[in-house]
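We number each residue from 1, following the sequence as shown.
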Amino acid sequence: MMKKRVVFVLAILLSISVLSAEDGSHLWLRVENYQKARIETSVQSPVVDVAKKELQSHWNGATVSLVIKKNKGNKDGYVIKGNQSSGILIQAATEQGLLYGAYHLLRLQETGQSDGDIFVEETPKYDIRILNHWDNLNRTVERGYAGYSLWRWDELPAVVSPRYEAYARANASIGINGSVLNNVNASPDILKGEYLEKVKVLADIFRPYGIKVYLSINFSSPKILGKLADSDPLNPEVKKWWEGKVKEIYKQIPDFGGFLVKANSEGQPGPQDYGRTHADGANMLADVLKPYKGIVMWRAFVYNPNGDDRAKLAYEEFQPLDGQFRDNVIVQVKNGPVDFQPREPFNPLFGAMRKTAVMPELQITQEYLGFSNHLVYLATQWKEFFESDTYCMGKGSTVAKATDGSIFKHKLSAIAGVANIGEDVNWCGHHFAQANWYAFGRLAWNHELPADGIADEWIRQTFSKEKEFVEPMKEMMLSSWETTVNYMMPLGLHHIFAEGHHYGPQPWYDRAPRKDWTCTYYHQADVSGIGFDRTETGSNAVSQYFSPLKETFNNVETCPENLLLWFHHVAWNHQMKSGRIFWDELCYQYDMGVQEVREYQKIWDRMEPFVDKERFKHVQSRLKIQSRDAVWWKDACLLYFQTFSGLPIPYDIERPVHELDDLMKVRLNLKHHN
């Protein structure tokens with residue numbers, strides 16, 4: 001027995017020694033160079049040249065034929081058929097379709113699915129699949145946790161980083177076809193001629209990869225840059241200024257995608273400053289862009305300090321405008337009604353705007369989920385969102401179907417993800433955060449893909465194809481979002497983050513310029529219970545959902561327990577489905593989150609034989625931080641809420657290791673977490 005153990009240990013040490021160091025810069029594109037395939041095509045274009053180059057370099061098979069065959073929809077889908085030895089046909093209606101088909105074929109190869117006969121037929125669910133970069137012109141990134149912005153504005157247009165093309169290649173490989181380069185809290189300077197020259201360089205690099213560039217704009221640009229008296233969308237001079245600016249943009253970038261607009265939100269200027277509506281502002285820009293086939297993505301993330309419930313405000317402002325927007329306007333709506341919380345119900349605007357194109361906005365960067373310190377695989381969160389039933393047209397009217405053109409036929413269908421990409425060598429600050437960039441692209445292409453299948457693909461391409469590695473890693477990833485919800489804000493708790501940042505807990509925070517910037521506003525804990533009452537007798541946010549969902553949410557007995565405190569103020573002794581009282585259930589949920597992260601540490605440590613030393617140490621270090629943070633969250637929340645419940649923390653779970661008074665003095669230095 002001892003001899004076998006020694007041999008096993010030696011085998012592990014040997015496997016560790018031969019794994020070459022990796023820094024994560026290659027993402028999921030670690031495919032080998034074979035340089036053996038023969039690529040046949042009569043199509044000549046920069047996009048097809050990229051497809052040919054990828055296949056020639058990396059396909060480990062015989063001939064691949066690339067053929068354009070127009071179809072009625074003319075979408076970017078493709079058909080792949082044939083086999084590795086006798087040859088493969090990739091057929092598509094567009095050049096971009098051939099490129100996506102090429103990447104899909106290589107994905108099959110790298111995940112061990114290219115043996116035997118291949119037949120694949122794919123069509124994207126959303127026409128526009130876009131990353132939103134919250135990057136500022138000074139290269140800081142709002143809610144970015146992977147270093148400075150990729151875009152070196154001070155060096156452009158003269159100096160071009162090789163990472164620009166690497167970025168485009170990574171996006172094309174997962175079907176992303178658009179990029180908003182700058183922050184929604186936009187500087188007007190992005191529209192200056194000197195910056196448009198820089199944007200042109202990026203657009204030229206992205207174009208062969210099928211990616212269009214878009215810009216976030218400041219609504220007051222005509223007043224600030226054009227020195228006009230105002231930026232009123234109904235002022236003819238304002239429209240004329242925009243016409244001139246748009247003409248200038250398209251002269252340099254003929255395939256420019258259009259504008260993303262954050263207006264009358266969090267202090268940003270907008271049409272309401274002049275007594276106009278969101279539709280007035282969006283339509284003015286849409287009319288200017290229409291001759292160039294450009295679009296307007298108008299964000300519905302709006303809230304004001306005077307509402308009785310922040311969760312209701314986007315619906316109240318936008319639903320009455322349904323049908324008033326031009327057909328090249330699409331309203332961009334965050335997945336939940338508050339703000340990218342660890343768990344939220346879906347935003348009731350999905351399904352409620354039948355005459356207006358609506359696009360989901362998901363957040364890839366983990367603003368409220370531990371930044372780049374915590375391992376949180378978000379495909380499971382997004383699948384819950386996509387599959388949520390709005391009942392807008394009866395049972396089965398999911399959020400996905402209400403936005404992808406299945407139910408409501410609009411000129412546009414689109415989806416956006418707030419990017420988690422920065423200048424860090426591994427792109428995302430955490431090696432496992434790359435999985436969320438990857439998963440967003442795959443789900444934007446096909447929201448019906450299973451979260452476990454996407455995780456399997458990513459693990460095999462990014463780390464190892466060994467079953468002993470793939471299976472435990474997949475299990476860990478698939479449970480990680482629920483784990484994080486458990487140790488942060490279980491059972492419908494939301495927005496109890498510390499003042500000034502969205503990292504650690506501060507449920508006691510009750511002093512801010514606005515009540516909806518405090519934590520006590522959201523949890524409303526008192527001696528009788530905890531939670532935000534959004535029932536018919538509370539803020540009545542439930543009324544914004546269709547039947548039977550609003551009745552389900554309205555009843556404390558039928559409301560899903562994972563959203564209980566979102567919709568109800570729940571008594572501490574309320575009986576839960578587990579048989580426990582609510583207070584005990586809350587304690588067990590927090591403790592479960594802590595124990596699960598500790599289990600992740602054990603699992604990862606056992607994976608050392610399968611991972612190069614550099615990436616192994618990085619993830620190991622991050623899991624230590626995550627484990628400490630989970631205890632911080634558990635102790636801060638339970639000790640604080642216990643001051644209201646007056647009940648003991650169940651004795652069979654781990655005791656708090658902090659004192660509440662000490663936790664209330666914590667002031668986090670975010671430099672350690674960015």
Can Tyr145 and Glu367 be said to form a side-chain contact (heavy atoms from CB on, under 4.5 Å), step by step?
CA-CA 8 Å; Tyr145 311 111; Glu367 176 185 355; 3.8 Å; yes
Criterion side-chain contact (heavy atoms from CB on, under 4.5 Å) on Tyr167 and Ser179, from CA distance to verdict
CA-CA 10 Å; Tyr167 163 87; Ser179 180; 2.7 Å; yes
Please walk me through it: do Phe385 and Phe346 pass ring pair (Phe, Tyr, Trp, His ring centres under 6.0 Å)?
CA-CA 6 Å; Phe385 164 71; Phe346 68 87; 7.6 Å; no
One pair to check against side chain to side chain donor-acceptor pair (under 3.5 Å): Asp605 and Gln620. What are the steps and the verdict?
CA-CA 7 Å; Asp605 283 352; Gln620 187 182 53; 2.8 Å; yes
Would you sort out whether Tyr292 and Ile249 count as a side-chain contact (heavy atoms from CB on, under 4.5 Å), showing the intermediate values?
CA-CA 10 Å; Tyr292 306 92; Ile249 293 171; over 6 Å; no
Evaluate the criterion side chain to side chain donor-acceptor pair (under 3.5 Å) for residue pair Lys36 and Asn60; output intermediate values, then yes/no.
CA-CA 7 Å; Lys36 61 183 287 187; Asn60 186 22; 3.1 Å; yes
Determine, stepwise, if the pair Gln366 / Thr484 fulfils side-chain contact (heavy atoms from CB on, under 4.5 Å).
CA-CA 11 Å; Gln366 296 167 215; Thr484 307; over 6 Å; no
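You'll find the ring centres of Trp382 and Trp481 outside the 6.0 Å limit. Side-chain rings of Tyr100 and Trp445 approach one another, their centers coming within less than 6.0 Å.
The two atoms that bring Ala51 and Leu98 nearest to each other are CB-O, 4.2 Å, heavy atoms only. The two residues Lys75 and Asp127 make their nearest non-hydrogen contact at NZ-OD1, 2.7 Å. Here the closest non-hydrogen pair linking Arg129 and Tyr126 is NH1-O, 2.7 Å.
Note that Lys383 lies outside the cation-pi zone of Phe386, set by a 6.0 Å cut-off to the ring centre and a 45° limit from the axis.
The OG1 atom of Thr94 sits 3.5 Å away from atom CG of Asp76, with the distance rounded to the nearest 0.5 Å. To the nearest 0.5 Å, atoms NE2 (His618) and CG (Asp612) are separated by 11.5 Å. The structure places CG of Leu105 at 10.5 Å from CD of Glu110, a figure rounded to the nearest 0.5 Å. Atom CD of Glu384 and atom CD of Glu482 lie 7.0 Å apart (nearest 0.5 Å). Taking OH from Tyr214 and CZ from Phe256, the interatomic distance works out to 9.0 Å, rounded to the nearest 0.5 Å. The line from CD of Gln35 to NE2 of His58 is 7.5 Å long, rounded to the nearest 0.5 Å.
Classified by interplanar angle (parallel below 30°, tilted 30° to 60°, perpendicular above 60°), the ring pair Trp151/His133 is perpendicular.
Comment: Lys467 does not engage Glu471 in a salt bridge, judged by the lack of any side-chain N to carboxylate O separation of less than 4.0 angstrom. A salt bridge is absent between Lys251 and Glu248: the closest approach of a Lys/Arg side-chain nitrogen to an acidic carboxylate oxygen does not fall below 4.0 angstrom.
The salt bridge (charged side-chain N to carboxylate O under 4.0 Å, His left out) check on Arg163 picks up nothing, with sequence neighbours excluded. The side-chain hydrogen bond (donor to acceptor under 3.5 Å, both in side chains) check on Trp427 picks up nothing, with sequence neighbours excluded.
Side-chain contact between Leu378 and Val376 is present, with heavy atoms from C-beta onward closer than 4.5 Å.
A salt bridge (Lys or Arg N to Asp or Glu O under 4.0 Å) check over residues 434-456, counting only residues at least two apart or in different chains, returns the pairs Lys125-Glu448, Arg442-Glu457, Asp456-Arg460, Asp456-Lys474.
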